[in-house]
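Below is one structure; the comments refer to it alone.
What's counted below: heavy atoms across the whole structure, side chains too, no hydrogens, waters or symmetry copies.
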Amino acid sequence: AVPVVAVQIGSLAGIAGLTGQWPEAGFATAFVLGTLALLATYVLIMQIFSTFMKSPGTAILSAIAVWFVFNVLWNLVVLLVTALAGVEGGTPEYFSLTAAALLFNPSGVYQITLTAYLPPQLIGAFGASLSGLPPWSGPAAFVAWIATLLVIAVFVFHKKIV
């Protein structure tokens, strides 16, 4: 976590150097804490998978597969679900459904967390919107993800040892 925070502070300093002002404190805090929560979530997922794997190579491949599912395939699955449900793209229902689907994806929760703390002048820019989700939904989802995965990781690890 220490190198990650150091790189984040460096990137925030880079933004300050380019724009002449530091990012807003709320966004900077969400950026640092959200990134640490994302890191914790993926570490816990990998802990669970590595407990079941027989070799380090298989554990690494499972980590790549999990990343691929959440960062590449997830959007395709959401698109398929919206198409099967008959929800038209660009409608409020579509945006609400896709925003809710992000809560079930750690990378999506990170996106929701950062979007909630964007500076006011960027809200709505580049498609940045919570689509009806409350601003606390990202951090609350991270707490739920981490707590659930921690319980599962401890249970699986304990079962593996005993």
Side-chain angles (χ1 to χ4, degrees), residues 1 4-5 7-8 11-12 15 19 23-53 58-157:
V4 170
V5 171
V7 168
Q8 290 179 306
S11 66
L12 292 170
I15 291 170
T19 64
E24 292 182 6
F27 178 76
T29 302
F31 175 60
V32 172
L33 294 179
T35 303
L36 291 175
L38 181 65
L39 180 64
T41 303
Y42 276 113
V43 165
L44 285 166
I45 292 170
M46 295 311 112
Q47 173 66 42
I48 292 166
F49 274 93
S50 69
T51 302
F52 290 116
M53 302 303 156
T58 309
I60 290 170
L61 286 175
S62 69
I64 293 169
V66 166
W67 179 88
F68 189 78
V69 166
F70 283 130
N71 291 283
V72 177
L73 294 180
W74 191 264
N75 291 333
L76 294 174
V77 170
V78 171
L79 183 64
L80 180 64
V81 168
T82 57
L84 291 174
V87 178
E88 273 189 54
T91 62
E93 295 81 20
Y94 174 81
F95 290 117
S96 294
L97 180 62
T98 56
L102 290 175
L103 294 171
F104 298 96
N105 176 345
S107 298
V109 172
Y110 181 69
Q111 178 183 340
I112 290 169
T113 301
L114 291 187
T115 301
Y117 293 95
L118 280 174
Q121 64 270 24
L122 293 179
I123 298 295
F126 312 110
S129 169
L130 292 175
S131 295
L133 293 175
W136 51 263
S137 61
F142 264 135
V143 168
W145 268 97
I146 291 169
T148 302
L149 289 170
L150 186 58
V151 167
I152 293 169
V154 168
F155 178 76
V156 167
F157 191 70

Rounding to 0.5 Å, atoms CZ (Phe155) and OG1 (Thr51) come to a distance of 12.0 Å
Between the CG atom in Leu38 and the CD1 atom in Ile146, the distance rounded to the nearest 0.5 Å is 9.0 Å
In terms of ring plane angle, is the pair Phe70 and Trp74 parallel, tilted or perpendicular, where the classes change at 30° and 60°?
-> tilted
message: Set out, in order, the CA-CA distance, both residues' side-chain angles and the distance that settles side-chain contact (heavy atoms from CB on, under 4.5 Å) for Val32 and Leu12, then state yes or no.
response: CA-CA 10 Å; Val32 172; Leu12 292 170; 4.3 Å; yes
Give the C-alpha distance, both sets of side-chain angles, the deciding distance and a yes or no for side-chain contact (heavy atoms from CB on, under 4.5 Å) between Leu44 and Trp145.
CA-CA 9 Å; Leu44 285 166; Trp145 268 97; over 6 Å; no
Interatomic distance, CZ@Phe27 vs OG1@Thr113, rounded to 0.5 Å, equals 11.0 Å
d(Tyr42 OH, Leu149 CG) to nearest 0.5 Å is 11.0 Å
Of all heavy-atom pairs linking Ser107 and Asn105, the shortest is N-OD1, 2.9 Å
Under 3.5 Å, side chain of Trp67 to main-chain N/O of Val72, donor-acceptor pair present? no
- request: Kindly say whether Gln47 contributes a backbone atom to a donor-acceptor pair with the side chain of Ser50 at under 3.5 angstrom?
  value: yes
Closest non-hydrogen contact found for Phe49 with Ser62 is CB-OG, 3.6 Å
Correct closest heavy-atom pair for Ala99 and Ile112 would be O-CD1, 3.7 Å
Note: Val109 and Leu103 closest approach over all heavy atoms is CG2-O, 3.5 Å
In this structure, CG of Leu80 is separated from CG of Asn75 (nearest 0.5 Å) by 12.5 Å
_Flag, side chain of Thr82 to backbone of Leu79, donor-acceptor distance under 3.5 Å_ = yes
- Check for a donor-acceptor pair, side chain of Ser96 on one end and backbone N or O of Glu93 on the other, with a separation under 3.5 Å. no
Rounded to the nearest 0.5 Å, the OH atom of Tyr117 sits from the CZ atom of Phe31 at a distance of 15.5 Å
